[in-house]
Amino acid sequence: MIVPRFQAPEAEGVPRRSASPDFAPPPGLVSALRGAVAEALADSGRSPALLPAVQEFVRYAKESGLRVESGIIVLKQLWESFPEAQRATPTAANALRDALITLSINEYFADVDAS
C-alpha cells in the first residue's frame with residue numbers, strides 16, 4: 001500500500017507551513033481509518049471502530065507535531081482517497097465526513113478539556 005505524504009495547502013500569498021511537512025500516517029493507521037469509514041457508511045454512520053481509529057490518528061498526528069488545522073486537512077485528504085467515501089451518497093458521505101472531523105477536533109482538545 002502506498003501511503004501519500006500530506007502538506008497543508010498553500011494559501012494565496014502565504015508560504016506553505018506545517019509543523020511536519022512530510023507527515024505520512026502509517027499504512028496501518030490509514031487502513032484502520034478506511035475500514036472504520038467503510039463500516040460506518042455501510043451501517044448508517046455507525047461503527048464501533050470509528051472513534052478508536054480517530055483517536056489513533058490524532059495521537060499520531062500530535063506526536064508528529066501536527067497542529068489541529070493541519071491534522072484536519074490531512075484527514076480530509078485521506079477521506080478523498082477512500083473509494084468507499086466517493087461511492088457513498090453525498091448526504092451520507094457529508095454527514096460522516098463532518099462527524100469524523102468533529103471527532104478529530106474533540107480528540108485534539110480532549111486533554112485540554114480534562115485539565
Side-chain angles (χ1 to χ4, degrees):
M1 169 185 227
I2 296 173
V3 178
R5 296 192 176 280
F6 297 102
Q7 291 185 330
E10 188 173 325
E12 188 172 306
V14 178
R16 186 177 297 208
R17 293 186 341 194
S18 174
S20 181
D22 291 327
F23 178 77
L29 191 137
V30 174
S31 293
L33 273 171
R34 181 178 175 188
V37 164
E39 184 178 306
L41 286 168
D43 190 18
S44 302
R46 293 183 298 270
S47 169
L50 198 57
L51 181 58
V54 168
Q55 289 171 327
E56 183 63 20
F57 171 81
V58 170
R59 183 194 61 73
Y60 185 80
K62 287 171 80 172
E63 287 176 359
S64 299
L66 214 60
R67 293 176 43 158
V68 65
E69 301 89 355
S70 296
I72 298 307
I73 290 168
V74 170
L75 193 58
K76 286 181 176 181
Q77 290 171 332
L78 284 171
W79 176 268
E80 293 298 322
S81 75
F82 296 156
E84 299 83 357
Q86 304 313 306
R87 288 191 299 262
T89 65
T91 302
N94 290 340
L96 184 58
R97 186 195 62 223
D98 292 349
L100 196 63
I101 291 167
T102 300
L103 282 172
S104 297
I105 292 168
N106 290 342
E107 285 302 314
Y108 257 95
F109 296 110
D111 58 337
V112 174
D113 292 340
S115 301

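Residue numbers run from 1 in the order of the sequence given.
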Item to complete: Please identify each residue that fulfils salt bridge (charged side-chain N to carboxylate O under 4.0 Å, His left out) with K76, with sequence neighbours left out.
Response: none
Worksheet entry | Interatomic spacing from CG in L75 to CD in E80 - rounded to 0.5 Å | 11.0 Å
Worksheet, complete the sentence: Closest heavy-atom pair, V54 versus E107, reported as atoms and distance to 0.1 Å, is CG1-CG, 4.3 Å
Practice prompt. Please report the shortest heavy-atom distance between V30 and P25, naming the atom on each side.
Written response: CG2-CB, 3.8 Å
Discussion item. For L78, is there any backbone N or O sitting under 3.5 Å from a side-chain donor or acceptor partner on S81?
Written reply: yes
Worksheet item: Which value, rounded to the nearest 0.5 Å, describes the distance between Q55 atom CD and N106 atom CG?
Response: 10.5 Å
Fill in: Distance (rounded to the nearest 0.5 Å) between L100 CG and L51 CG
10.5 Å
Fill in: Between CG on residue L41 and CZ on residue R97, distance to nearest 0.5 Å
11.5 Å
Worksheet entry | Pairwise distance CD1(I101) to CH2(W79) - rounded to 0.5 angstrom | 8.5 Å
Practice prompt. Might you point out which heavy atoms bring A93 and A85 nearest each other, and give the distance in Å?
Written response: CB-O, 3.8 Å
Discussion item. Restricting to salt bridge (charged side-chain N to carboxylate O under 4.0 Å, His left out), what partner residues turn up for D43, sequence neighbours left out?
Written reply: R46
Practice prompt. Please work out which of the three classes, parallel, tilted or perpendicular, describes the rings of F23 and Y60, given edges at 30° and 60°.
Written response: tilted
Worksheet item: Does S64 reach the main-chain N or O of L66 with its side chain, forming a donor-acceptor pair under 3.5 Å?
Response: no
Item to complete: Write down the atom of A49, the atom of E39, and the distance for their closest heavy-atom approach.
Response: N-OE2, 4.3 Å
